Structures are given as structure tokens and as C-alpha cells.
Amino acid sequence: MLKLTPSHSLHQPLSPPSPHTLPFSLLQSCKTQQDVKRTHALSLRTGAFDHPYIASRLLALYADPKINSLDYARSVFDLIPVPDLVSWNILIKCYVENQRSHDAICLFHDLVHEFTPDCFTLPSVIKGCARLNAVPEGKQIHGLVVKIGFGLDKFVQSSLVSMYSRCGEMGYARKVFDQMGEKDLVLWNCLIDGYARCGEVEIALQLFDEMPERDYFSWTCLVDGFSKCGRVEMARDVFDRMPSRNLVSWNAMINGYMKSGDVEMARRLFDEMPTRDVITWNSMIAGYEFNGKFMEALYLFIAMLKEGLVPNHTTFVGALSAVSGLAVLSKGKWIHSLMVKCGIESEGVLGTSLIEMYSKCGSVESALSVFRAISKKKLGHWTAIIVGLGMHGMAERALEMFSEMRRTGLQPHAITFLGVLNACSHAGLVELVRHYFNMMTNDYGIEPTIEHYGCLVFILCRVGNLEEAKDIIEGMPMRPNKVIWMSLLSGSRNFGNINIGEYAAQRLIEVAPETIGCYVVLSNMYAAAGKWDKVSSIREMMKKRGIKKEPGCSYIEHKGMLHEFIVGDKSDTQTKEIYAKMSEMRERLKSAGHVPDTSQVLLCLEDEKEKEAELENHSERLAIAFGLINVEPGSPIRIIKNLRVCNDCHSITKLLSDLYNREIIVRDNSRFHHFKNGLCSCKDFW
DNA sequence: CTAGGGTTAG
């Protein structure tokens with residue numbers, strides 16, 4: 001028999017708890033999500049949850065910006081039999097604050113069946129419209145505001161001015177502003193914000209002078225607005241004139257510099273500023289990433305952790321994109337594990353970031369497992385995996401994914417089709433490219449962008465349908481870019497069509513005179529046709545324009561270190577071993593019957609021996625040699641390079657994968673090559 | 001006893 005000790009009986013009352021006995025102090029003392037969850041659980045156990053006050057208080061706690069747990073807030077809301085207007089308002093606001101404005105507006109639609117929205121509902125839902133740039137919906141709600149008589153509520157009115165300002169509808173913003181008799185500071189700020197961000201510098205400054213008082217907000221609206229319309233110098237001028245600056249002003253200015261590409265100025269302010277918050281760090285990390293400074297972004301992410309700051313959703317998006325740019329798989333895995341530790345879900349945008357990161361780091365299997373683990377797969381997730389599979393030459397699986405996605409009822413958008421077209425064009429499936437291009441325009445009414453045309457032109461050139469490609473280029477509604485002309489030029493070289501080749505080269509020089517490839521391909525084409533006078537005139541042109549070959553660069557990660565190799569590099573600590581390995585590779589290739597293909601080497605080098613030597617020092621060969629020495633057998637050798645893989649490197653890497661029985665994965669500037677057993681996943685089509 | 005409009009990342 002169990003005998004209860006006095007202390008036991010104290011904590012385990014023998015009679016069931018009476019309903020609604022949750023102490024009020026418990027609700028008030030909740031500081032973290034953990035606290036709220038505990039109280040939530042207790043309220044369910046004791047039956048206190050059934051009290052409408054308790055449930056709506058829990059909802060308010062979950063929705064509180066400091067706790068901000070949208071999913072829990074929603075689950076509480078769903079259990080309230082008849083939610084009152086206050087509960088609706090709290091939930092709608094929470095959706096808007098969590099970038100789920102579309103859901104917020106849907107909720108608002110449900111709400112109006114049961115209640116007349118009040119002066120708390122309206123500002124939230126109007127802000128949601130602003131976030132989505134949904135002017136027609138915003139105008140509809142504006143109509144409702146007038147109808148139900150909130151025409152003079154200052155909160156509702158300033159949210160309307162803000163909505164129109166954010167959407168660039170300054171005429172409407174001004175109209176609402178002018179109608180207000182008593183204009184408070186917030187109302188002024190909403191209007192100035194709009195004029196500044198749409199580039200109406202004079203009007204913004206004039207209003208700024210006219211307004212009765214100015215605090216931090218007004219100044220920062222100008223700083224941010226001028227930055228957003230590309231007038232960063234003007235923004236800096238305002239920033240310097242501010243009587244005093246707060247954290248938000250510094251953040252706005254830093255972000256302005258980052259968006260204008262002035263990474264150095266952003267960094268200077270970051271170092272100078274008195275205090276920094278998570279937004280400061282996020283702006284810097286995302287800013288570095290935006291400007292292609294991936295390494296700096298990653299260093300800053302690490303520095304942020306060292307300072308003890310807690311990264312959030314936005315931080316991870318930036319850090320993962322930086323890793324995608326660098327293609328350092330180990331860092332990507334590490335960040336993924338940190339995300340899990342921080343309890344950050346990979347359901348939304350971060351799921352997309354992870355799929356993209358793993359794809360771009362060469363681990364398509366991990367991308368697939370992230371994808372499979374996402375319970376509610378959205379269009380962005382499907383698109384990311386289709387793009388990822390295509391990048392790795394796995395066209396069939398990409399197309400399977402595409403059909404599966406359509407079976408779930410999702411509508412593909414322009415980027416999804418770009419992934420599909422890229423997958424097919426990388427795999428040489430010319431008829432399928434045509435098929436999906438037509439499906440996109442005819443069945444889905446999606447206007448093709450230059451990238452879509454790029455896929456079509458690329459594949460047509462690759463299979464030698466040069467006339468058709470030329471017709472398509474000439475019929476495109478937009479101006480052809482560098483990529484398009486380069487495809488036509490390469491196709492002309494491969495199929496020996498000098499006429500189209502010259503035409504493409506001329507257009508290419510007009511669009512992008514700095515493109516070295518154009519001169520190389522053209523001069524090689526002339527050389528093949530024996531037109532030596534033209535070969536030398538191209539060489540002179542290059543000399544005159546000072547065009548130099550972008551140095552080839554490859555890197556490989558080993559034991560947490562990035563090893564970078566440029567052509568003919570001798571800087572690595574293992575240089576001696578690397579060059580010894582390269583001689584061994586050369587011998588093995590020779591005995592396997594490999595003959596170097598020098599057709600893509602720039603003809604500035606006259607002598608055939610010199611050309612071969614140039615090829616032999618290509619950066620990826622150094623990286624392969626390093627990999628053969630250092631990467632343990634059984635693990636793939638992963639190499640990232642900045643340029644397209646040349647013909648000869650492609651053939652030797654295939655051979656080497658067989659001769660050394662190693663899997664070699666190379667990411668070049670547009671796709672992945674998986675070399676295994678003497679073959680490449682691109683099926684020699686790149 | 002709940003909740004409110006304007007500035008910074010996304």
C-alpha cells in the first residue's frame with residue numbers, strides 16, 4: 001500500500017482541481033515561450049483553458065512580439081469556441097508581423113462575416129496590404145473604413161497614408177493626409193516616408209521643413225527613403241545633419257550603403273557605431289552576401305555568435321546564402337545544425353535556403369532529404385529542388401518532381417519553369433525544352449524572360465540549329481544579352497559556321513566588350529579557317545582594349561581550410577607533392593592514350609608545347625592533385641571553380657576519375673559535373 | 001485584466 005507523506009499530499013490534492021483555478025500571477029509572469037507553453041499545458045490540465053479570458057490571454061502572450069510564436073497563437077485561437085473581436089485582432093496582427101500578410105487578409109475576410117472591424121483591426125490589415133503591395137485590396141478596405149466611419153481615426157488614417165506611401169501611390173497618400181484636420185507627427189512621418197522612398201527629394205525635404213516637430217523617426221524616414229531610391233549621398237547628408245542618432249538611424253544608413261554597393265562605408269559605420277543589435281548584424285551579413293562578399297558575410301556571422309548574439313531567421317537566410325556562394329559544404333552543415341539547435345524551423349523560406357545551399361554545395365542528396373522533411377511543401381520548395389536537380393544534370397528526376405508538384409495542384413511560376421528548362425537544356429533534351437517552353441507560354445500564360453530564351457537558345461546552338469537560334473534571338477521582345485550571344489558564338493565555333501559566328505561576336509562586343517571569351521572563340525574560329533590576318537587583327541584589338549584573361553581559380557576545402565589554386569600556382573604548403581602528383585597524373589593519362597585538346601587555348605600562345613603547358617597548369621588540375629593526395633578514399637573530391645570547365649580539363653577529369661577510382665565533383669560557373677568511372681553527369685553537354 | 005498608427009534586416 002502506498003502511503004502518502006505529508007509533502008506528497010500537499011502537492012497532489014485528492015480532489016480534482018476546480019475549473020478556472022489558474023492563478024493570474026502565473027499568466028503575468030510568463031517571459032519566454034517556454035513559460036507560456038508551461039502555463040498553456042497547465043491550463044489544459046486544470047480545465048482553466050475553457051475560461052474565455054484565460055485562452056485569449058494565452059493567445060495574446062504567444063502573439064506578443066517578445067515571444068512571437070505564431071503557430072501556437074493559432075492553435076490557441078482554433079480552440080476558442082467563439083473568439084471575440086480582440087482575439088481576432090491579435091491573431092491578424094501576428095500574421096502581418098510574421099510576413100504572412102496573405103493569411104492575415106484571409107482571416108480578415110472571415111472576420112467581417114461575424115464582426116464589424118474596429119480601430120484595432122483596420123491598421124493591422126491595412127499594413128498587411130502595404131506589405132503585399134496590394135493596392136486594390138487596400139483601396140477596398142479604405143472604402144470600408146469610410147463606410148463604417150473610421151474616417152477620422154488617427155490610427156486608421158496614418159496606416160492608410162503609410163499603405164499608399166509604401167505602394168508608391170502618393171496621390172492617394174496625399175489625399176488622405178490633406179483630409180485630416182489635426183495632423184500628428186506619425187501622420188507627417190508616413191507621408192514623408194513615401195515621398196522619400198519614391199525619389200521625390202524636394203517634396204520630402206520641403207514637408208520635412210514644414211512639419212511642426214521632428215524626432216528620430218522623421219530623420220530616419222529620410223535617411224532610409226533616400227537610400228531606398230538610390231540617393232545614398234543625400235541620405236548620408238541627412239544622417240550627418242541629424243541632431244542625434246539612434247540605433248535605427250545607424251542601421252538604416254548601413255543598409256543604404258550596402259544596397260548601393262558601398263561595402264566599405266557600411267563597414268566603417270558598423271565599426272564606429274556605439275551599440276549594435278541583431279538587425280545591425282543581419283544587415284551587414286545580408287549586405288556582404290548581396291555584394292558577393294561571401295567570406296566576409298561568413299566571418300561576420302561567426303563574429304556575431306562570438307559576441308553572444310542569438311541569430312534569428314533572417315540571420316540564417318543570409319548566412320546560408322553566403323555558404324551557397326562559397327560552396328563550402330562543411331560550413332553549410334554546421335549552420336544547419338546551429339539552426340536545429342536554435343529551434344528554428346526549416347518549413348518556410350529557410351527550407352528553400354537549405355535546399356539551395358545543399359544543391360550549390362554539391363550535395364544533392366542532402367537537398368533531397370531537407371526537401372522530403374518539409375511537411376507542407378510550398379511552391380518555393382518545389383522550385384528550389386527542381387533547380388537543384390537540374391544543376392546536377394539530373395533532368396529526369398527534376399521532371400518527375402515537376403509532375404509530382406503539378407499533381408498536388410500547385411501552379412508553377414516563371415522560376416519553376418526556368419529550373420525545368422535549365423534541367424532539360426543541361427541534359428541536351430532539345431525537344432523537351434521546346435515542349436516546356438510552349439507549355440509555359442501557352443498553358444500557363446507566363447511571359448518568357450531573357451533567361452527562359454537563354455535556355456532555348458543555348459540548347460539549339462548546342463545541337464547545331466544555328467539558324468533557328470538566330471531567328472529566335474532576333475524575334476525576342478527584349479535586347480539579347482551576353483549569355484545569349486555567347487551561346488550563339490560557341491555554337492557557331494562548334495559547327496564551323498563563320499558567318500553566324502562573326503555576327504554573334506560583333507553583337508557580343510557591343511553588349512559586353514570586356515568578355516574575353518568572345519575574342520578567344522572568334523580568333524580560334526578564324527585560325528581553324530586559316531584566316532590569319534583576322535586572327536592578328538583580333539589580337540591587336542585585345543591589346544588595345546587591354547583585355548586580359550580572367551585568371552582561372554579553383555578551390556577545395558580540406559579540414560576546415562579553403563585551399564585556393566590559380567593557374568600555375570606554387571603557393572600551397574604542399575606544392576612539391578602536388579606537382580609530383582601532377583607528373584604522375586600526366587604519365588597515367590598519357591599511357592591511357594589521352595591527347596591534349598588545345599583548341600580552346602587562347603591563340604596568343606604560338607607554340608603547341610606552350611599551349612599544352614598552359615592546359616597542364618589549369619587551376620582545377622592543381623586542385624585535383626591536392627584532392628588525390630589529401631581527401632580520404634571513398635569521399636568525393638569537391639572542387640569549385642570560377643570559370644567554365646575547358647574541353648581538355650573535362651576529358652582528363654573523366655579519365656582521372658576512372659584511373660584513380662575517385663568521384664570528383666566540380667562546380668563551375670553555371671553547373672555541377674559529377675565525374676565517376678570515366679563518365680560525367682553532364683553527358684559532355686555543358 | 002486583454003490590443004492600436006510611423007523608421008532599420010526579411
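Protein chains get the first letters and strands the later ones, always in sequence-line order, with residue 1 at the start of each. All of these numbers come straight from a predicted model, not from anything done at the bench.
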Peer 1: Between Lys93(A) and dG5(B), is there a contact of a side-chain N or O with OP1 or OP2 at under 4.0 Å?
Peer 2: yes
Peer 1: Could you go through Leu350(A) and Glu345(A), starting from their C-alpha distance and side-chain angles, then the distance that decides it, and tell me whether this counts as side chain to side chain contact (heavy atoms under 4.5 Å, CB included)?
Peer 2: CA-CA 8 Å; Leu350(A) 273 171; Glu345(A) 301 250 340; over 6 Å; no
Peer 1: From dG10(B), dG6(B), dA9(B), pick the nucleotide closest to the side chain of Gln99(A)?
Peer 2: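 The answer is dG10(B).
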Peer 1: Ignoring hydrogens and angles, does a donor from either the side chain of Asp184(A) or the base of dG6(B) sit under 3.5 Å from an acceptor on the other?
Peer 2: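 When only heavy-atom distances are counted, Asp184(A) does not reach the base of dG6(B) through any donor-acceptor pair under 3.5 Å.
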Peer 1: So, does Asn255(A) get its side chain near the phosphate of dT8(B), meaning an N or O under 4.0 Å from OP1 or OP2?
Peer 2: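 Checking dT8(B) against Asn255(A), no side-chain N or O comes under 4.0 Å of OP1 or OP2.
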Peer 1: Tell me, which of residues 133-145 of chain A have any heavy atom that sits under 4.0 Å from an atom in DNA chain B?
Peer 2: none
Peer 1: Base, sugar-phosphate or nothing for Arg245(A)? Non-hydrogen atoms, less than 4.0 Å.
Peer 2: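 Answer is nothing: Arg245(A) stays at 4.0 Å or more from every strand.
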Peer 1: Just N and O in the side chain of Lys259(A): are any of them under 4.0 Å from OP1 or OP2 of dG10(B)?
Peer 2: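 Result: yes.
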Peer 1: Quick one: Leu350(A) CG to dG10(B) C1', roughly how many Å, whole number?
Peer 2: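 Taking CG of Leu350(A) and C1' of dG10(B), I get 10 Å after rounding.
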Peer 1: Rounded off to whole Å, could you give me the CG-to-P distance for the Leu185(A) and dG6(B) pair?
Peer 2: 13 Å
Peer 1: Considering the options Ser87(A), Ser124(A), Pro117(A), which one meets the side-chain contact (heavy atoms from CB on, under 4.5 Å) requirement together with Ile92(A)?
Peer 2: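 For Ile92(A), the side-chain contact (heavy atoms from CB on, under 4.5 Å) check succeeds only for Ser124(A).
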Peer 1: Would you mind classifying the nucleic acid contact of Asn312(A) as base, sugar-phosphate or nothing, using non-hydrogen atoms under 4.0 angstrom?
Peer 2: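 The residue Asn312(A) makes base contact.
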Peer 1: Between His102(A) and Tyr95(A), does the ring centroid distance fall short of 6.0 Å?
Peer 2: no
Peer 1: Name the closest nucleotide to the Ile90(A) side chain, picking from dC1(B), dA3(B), dT7(B).
Peer 2: dA3(B)
Peer 1: Under 6.0 Å between the ring centres of Trp281(A) and Phe270(A)?
Peer 2: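 That pair passes the under 6.0 Å test.
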Peer 1: Counting any heavy atom closer than 4.0 Å, what does Cys119(A) reach on the DNA or RNA strands: base, sugar-phosphate only, or nothing?
Peer 2: base
Peer 1: Indicate, yes or no, whether a donor-acceptor pair under 3.5 Å links the base of dG5(B) to the side chain of Ser158(A).
Peer 2: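 It does, because a donor-acceptor pair links the side chain of Ser158(A) to the base of dG5(B) below 3.5 Å.
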Peer 1: Indicate whether Phe120(A) forms a stack on dG4(B); treat it as stacked only if centroid distance is below 5.5 angstrom and interplanar angle below 30 degrees.
Peer 2: no
Peer 1: Among residues 195-219 of chain A, which residues get a heavy atom nearer than 4.0 Å to DNA chain B?
Peer 2: Arg197(A), Asp215(A), Phe217(A)
Peer 1: Report yes or no: does Arg667(A) contribute a side-chain atom to a donor-acceptor pair with the main-chain N or O of Gly362(A) at less than 3.5 Å?
Peer 2: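 Here the side-chain-to-backbone pair does not exist.
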Peer 1: Which part of the nucleic acid, if any, lies within reach of Asp84(A) when heavy atoms closer than 4.0 Å are counted: base, sugar-phosphate only, or nothing?
Peer 2: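 It contacts nothing in the nucleic acid.
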Peer 1: Side-chain N or O of Lys127(A) less than 4.0 angstrom from OP1 or OP2 on dG6(B)?
Peer 2: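 Looking at the OP1 and OP2 atoms of dG6(B), one of them is under 4.0 Å from a side-chain N or O of Lys127(A).
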Peer 1: Is it true that Tyr172(A) and His142(A) have ring centroids separated by less than 6.0 Å?
Peer 2: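 No, too far apart.
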Peer 1: Tell me the interatomic distance from Glu97(A), atom CD, to dA9(B), atom P, rounded to whole angstroms.
Peer 2: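 From Glu97(A) CD to dA9(B) P: 14 Å.
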Peer 1: Step through it carefully: locate the ring centre of Trp88(A), locate the ring centre of Phe108(A), and say whether they are under 6.0 Å apart.
Peer 2: no
Peer 1: Should Met405(A) and Leu379(A) count as side-chain neighbours, where that means a heavy-atom distance under 4.5 Å?
Peer 2: yes
Peer 1: Sub-3.5 Å donor-acceptor pair from the side chain of Ser75(A) to the main-chain atoms of Tyr72(A), do we have one?
Peer 2: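 Yes; at least one donor-acceptor contact below 3.5 Å.
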Peer 1: Measure from the ring center of Trp250(A) to the ring center of Phe239(A) and say whether it is less than 6.0 Å.
Peer 2: yes
Peer 1: Let me know, please, whether Phe155(A) or Ala252(A) comes out on the 5' side of the other along DNA chain B by nearest nucleotide.
Peer 2: Phe155(A)
Peer 1: Can you tell me if Arg57(A) touches the phosphate of dA3(B), counting only side-chain N or O atoms and a distance under 4.0 Å to OP1 or OP2?
Peer 2: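 Checking dA3(B) against Arg57(A), a side-chain N or O does come within under 4.0 Å of OP1 or OP2.
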Peer 1: Which is true for Asp224(A) with a 4.0 Å heavy-atom rule: it touches a base, it touches only sugar-phosphate, or it touches nothing?
Peer 2: sugar-phosphate
Peer 1: Base, sugar-phosphate or nothing for Val317(A)? Non-hydrogen atoms, less than 4.0 Å.
Peer 2: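 Result for Val317(A) = nothing.
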